[in-house]
Amino acid sequence: MASVEKLPMLAEGYERLIVELKALREERPRIVDSIEEARAHGDLSENAEYHAAKERQGQVEATIGDLEDRVSRAQIIDPTTLSGSKIIFGATVTLLDDDDKPVRYQIVGPYEADARIGRISYASPLGRALIGRQVGDEVEVSVPAGDRCYAVEKIEFI
């Protein structure tokens, strides 16, 4: 029997999944009502409302299935309970780029990543390159914008 791979995430990311799942489950009855109403209009072969409602139902059910899978595999990690000298999931890392300009990232799960707010996935090229590194280490990574070099300046668990 294959083991189910755990999906590490922060509590905040887990809560977002729960809220989204609840909203989609609440949408189910409205979709069924839309399908029934469209079906009452007659000929289904040329009924755009019916086809749109059925398509939405398929999308919602697929998304619910995906979210339920992620929730069931979630391994919630609180970075404030972690410590150490190496970069791991949940760590907030301050790096110096080629111009000695500091950049700060938190290592998070793939569904929580948003580089605009300083959260990168452990599965991203930079995230993979950082895992296991320590203060003072240099990290070279190939990203779509080209090769980048960073020096690890600080590791925090906040």
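Under the 4.5 Å side-chain contact rule for hydrophobic residues, Ile88 and Leu7 share a cluster. The same ILVMFWY cluster, assembled from side-chain heavy atoms under 4.5 Å apart, contains both Leu82 and Ile87. The cluster map of Ile, Leu, Val, Met, Phe, Trp and Tyr, joined by side-chain heavy atoms under 4.5 Å apart, puts Val32 and Leu24 in different clusters. Each of Val93 and Leu96 belongs to its own hydrophobic cluster when Ile, Leu, Val, Met, Phe, Trp and Tyr are linked at side-chain heavy-atom distances under 4.5 angstrom.
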(request) Assess whether side chain to side chain contact (heavy atoms under 4.5 Å, CB included) is satisfied between Ile107 and Ile120, documenting all intermediate values. (result) CA-CA 5 Å; Ile107 310 298; Ile120 60 169; 3.9 Å; yes
(request) Run the numbers on Arg128 and Val141 for side chain to side chain contact (heavy atoms under 4.5 Å, CB included), then give the verdict. (result) CA-CA 9 Å; Arg128 283 194 312 267; Val141 63; over 6 Å; no
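In this structure, Ile131 CD1 and Leu126 CG are separated by 10.0 Å, a value rounded to the nearest 0.5 Å. Note: Tyr50 OH to His41 NE2 = 13.5 Å, rounded to the nearest 0.5 Å.
The two residues Pro29 and Glu26 have their closest heavy-atom pair at CD-O, 3.3 Å. The minimum heavy-atom distance linking Ala53 with Ile31 is given by the pair O-CG2, 3.7 Å. Minimum interatomic distance between Pro125 and Ser142 (heavy atoms only, all atoms of both residues): CB-O, 3.7 Å. Taking both residues in full, the closest heavy atoms of Ala38 and Asn47 are given as O-ND2, 2.6 Å, listed atom of the first, atom of the second, then distance.
Counting heavy atoms from C-beta on, the side chains of Thr94 and Val103 never come closer than 4.5 Å. You'll find the side chain of Glu49 stays beyond 4.5 Å of the side chain of Ser34, heavy atoms only. Looking only at side-chain heavy atoms (C-beta outward), Leu10 and Phe89 come within less than 4.5 Å of each other. Counting heavy atoms from C-beta outward, Tyr122 and Pro8 have side chains that approach closer than 4.5 Å. Residues Glu37 and Asp33 have side chains not in contact (no heavy-atom distance under 4.5 Å, counting atoms from C-beta outward). Side-chain contact check for Tyr105 versus Thr92: every heavy-atom pair is 4.5 Å or farther apart.
With hydrogens and angles disregarded, no donor-acceptor distance shorter than 3.5 Å links the side chain of Asp147 to the backbone of Glu140. Not one N or O on the side chain of Glu61 forms a donor-acceptor pair closer than 3.5 Å with the backbone of Gly58. Judged by distance alone, with hydrogens and angles left aside, the side-chain atoms of Arg119 form no donor-acceptor pair with the main-chain N or O of Asp114 at under 3.5 Å. Remark: the backbone N or O of Lys86 is not paired with any side-chain donor or acceptor of Arg133 at under 3.5 angstrom.
The pair Lys101-Asp99 does not count as a salt bridge, with every side-chain nitrogen at least 4.0 angstrom from each carboxylate oxygen. Ion pairing of Arg30 with Glu27 is absent here, as no side-chain N (NZ or NE/NH1/NH2) approaches a carboxylate O to less than 4.0 Å. Remark: Glu12 engages Arg16 in a salt bridge, criterion side-chain N to carboxylate O under 4.0 Å.
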Anything under 3.5 Å between a donor and an acceptor, one on a side chain of residues 67-80, the other on a protein residue two or more places apart or in another chain? List them.
{"from": "Glu68", "atom 1": "OE2", "to": "Arg25", "atom 2": "NH2", "distance (Å)": "2.6"}
{"from": "Asp69", "atom 1": "OD1", "to": "Arg73", "atom 2": "NE", "distance (Å)": "3.4"}
{"from": "Asp69", "atom 1": "OD2", "to": "Arg73", "atom 2": "NE", "distance (Å)": "3.2"}
{"from": "Asp69", "atom 1": "OD2", "to": "Arg73", "atom 2": "NH2", "distance (Å)": "3.2"}
{"from": "Arg70", "atom 1": "NE", "to": "Asp66", "atom 2": "OD2", "distance (Å)": "3.3"}
{"from": "Arg70", "atom 1": "NH2", "to": "Asp66", "atom 2": "OD2", "distance (Å)": "2.5"}
{"from": "Ser72", "atom 1": "OG", "to": "Glu68", "atom 2": "O", "distance (Å)": "3.4"}
{"from": "Ser72", "atom 1": "OG", "to": "Asp69", "atom 2": "O", "distance (Å)": "2.8"}
{"from": "Arg73", "atom 1": "NH1", "to": "Glu5", "atom 2": "O", "distance (Å)": "3.0"}
{"from": "Asp78", "atom 1": "OD1", "to": "Thr80", "atom 2": "N", "distance (Å)": "3.1"}
{"from": "Asp78", "atom 1": "OD1", "to": "Thr80", "atom 2": "OG1", "distance (Å)": "2.7"}
{"from": "Asp78", "atom 1": "OD2", "to": "Thr80", "atom 2": "OG1", "distance (Å)": "3.0"}

Return all side-chain donor-acceptor pairs below 3.5 angstrom for residues 150-158, not counting sequence neighbours, or 'none' if the list is empty.
none

